[in-house]
Amino acid sequence: MGGVTGGSTAAAWAALRGLPHPTLAELFAGDADRPAALTRRIAWPVEPGSEAETGMLVDFSKTHLGDEALAAFEALTEAAGFAAARDALFGGGIVNPTEGRAATHGALRGSGTEAQVEEAEALLARMGMLVEAIHEGALGDIRHCIAIGIGGSALGPALAIDALTRDLALVDVHVVSNIDGLALEAAFRACDPATTLIALASKTFTTTETMTNAASALKWLADNGVEDPGGRVVALTAAPDKAVEWGVDETRILPFPESVGGRYSLFSSIGFPVALGIGMDEFRQMLAGAKAVDDHFRATEGRANAPLLAAYADQYYTRLRGCQTRAVFAYDERLKLLPDYLQQLEMESNGKSVTAHGAPVDGPTAAVTWGGVGTDAQHAVFQLLHQGTHLIPVDFIASIAPGDDLDPAHHRILLMNCLAQGAALMAGKTSDDPSRAYPGDRPSTTFLVEDCDAAALGALIAFHEHRTFANAVLMGINPFDQFGVELGKAIAKQIESGKGDFDPSTKALMAAAGLA
Ligand code: F6P
């Protein structure tokens, strides 16, 4: 990343490593205003043009960040050239040096250079026209969409569709990623071929899983009497030439810029299936929520900056306390796919061993992101969080407004449980019986959105994009490449061709699986 100054970051890290580690109880005892001092709120209009605001708050007070640590992290921020790196991110600078690229996902929601924002707006308008034309019947009676993609071309759409189309889906969307034919078969069972559109989402338009699933989906349409299966395909890609070559008509190709990374692409045309399901107005609300976080992230410094503060907590736990994992629990059924989404965002971005300049990193990088949905996880894995030997920082994410129409008791119990877990992890409990004692002093961060709507989802996603970026800058790594995924792909091709120097174990497995 731009502006990394090796010597002074080393000094800043040395200062951080020398700090004492006060307990949460000590931190609270030392500062009566700690909850207020460490809670951030990001707001956005309830609807476009409205004076009334809604938003989300993030409470970091149950993390071990005290004044001393915060000041030391602010010094690291400066030494790492964070402000310059952030300017480069939003200014179209080369923030992905190993691939010589900018990272322009911010421009998709209006946060970027004038030229990038204009380009993004034009592409969005084009997508909007196609979405609206489909809603109005331009491609016939479309009631279902099978959205085929993988990784960043699937996880965002799957999350947003699951979160936002529970009450009403303008089109019933099924996201299929896995090459395992069972995944596509499940979508076939749920859709009527006569009224199904296929959305092919692939930045490169070469990904084996996606292209194989695409061919099978077209065959399914043809086998079921659809006369022009190709006429039912919409391509979402940064490689429009490849989509044309594959046979998609240019009028149904929605491009996005090469500088938008796969895991950062939900707000580009990769979001087309989401827009199809929720409508363009709601899709634009998702962009507006993300933009509110962009604005906060760009305009706020040091500990006042919520995504940067989240990165301070991440760095504190991974580099200073040796935590290898971070858990995320969504206390909202609509966000149950958020941990999966964050797993790719954080682990594919920051799971690196070298700096942006190719030198070995001077400490651990991304923690393993894992998680689940509350309250289910409480009855399954929280035992380890409360009494296990690992220290695991936890994020709780909840909505103040309920999404269901049942007895309000449901949502009250959900929220009570969410807050109780954070309190219990921190407080612990003494007991004469060691099996019944809780050590406590276990950290958590709580996110409360006022309502889990499209804008809030956009805000949560942008928050984590910027948290990931801020972590990368503090560690001096490039979050925008992912060369680590390539070797396995290459070996799969060798196995397919039978030409390769395979180790004895793999050879034996190939024989057993009938692949030799
Ligand atoms: O293999 C990893 C990866 O390249 C991800 O980064 C990406 O989101 C995914 O594969 C899908 O790639 P594409 O959108 O090009 O099909």
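Quick note: numbers below take in every heavy atom, side chains included, and nothing from hydrogens, waters or symmetry partners. When a ligand or atom number is given, it counts from 1 through the structure's own listing order.
A salt bridge does not link Asp192 with Arg143: every distance from a Lys NZ or Arg NE/NH1/NH2 to an Asp or Glu carboxylate oxygen is 4.0 Å or more. Electrostatic pairing of Lys489 and Glu486 counts as a salt bridge here, judged by a charged N lying under 4.0 Å from a carboxylate O. Electrostatic pairing of Asp228 and Arg232 does not count as a salt bridge here, judged by no charged N lying under 4.0 Å from a carboxylate O.
Protein heavy atom in closest approach to atom 11 (C) of ligand 1: Ile150 O, 3.2 Å. Protein heavy atom in closest approach to atom 5 (C) of ligand 1: Glu348 OE1, 3.5 Å. Among all non-hydrogen protein atoms, the one lying nearest atom 15 (O) of ligand 1 is Thr204 OG1, 2.6 Å. Nearest protein heavy-atom contact of atom 8 (O) of ligand 1 is Gly152 N, 2.7 Å. Atom 12 (O) of ligand 1 has Thr207 OG1, 3.5 Å as its closest protein atom, hydrogens excluded (heavy atom only). Here the protein heavy atom with the shortest distance to atom 10 (O) of ligand 1 is Lys489 NZ, 4.4 Å.
The aromatic rings of Trp246 and Phe205 stand perpendicular to each other, their planes meeting at an angle above 60°, with 30° marking the opposite boundary. Relative ring orientation between Phe73 and Tyr312 is described as parallel, the plane-to-plane angle staying below 30° on a 0-90° scale split at 30° and 60°.
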Fill in: Criterion side-chain hydrogen bond (donor to acceptor under 3.5 Å, both in side chains) on Glu209 and Asn178, from CA distance to verdict
CA-CA 7 Å; Glu209 291 90 334; Asn178 198 346; over 6 Å; no

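Put simply, no part of Glu209 is less than 4.0 Å from ligand 1, judged by heavy atoms.
Within the 4.0 Å heavy-atom criterion, the part of Val485 lying near ligand 1 is the side chain and not the backbone.
Any N or O atom pair closer than 3.5 Å counts here, and Ser202 shares at least one such pair with ligand 1.
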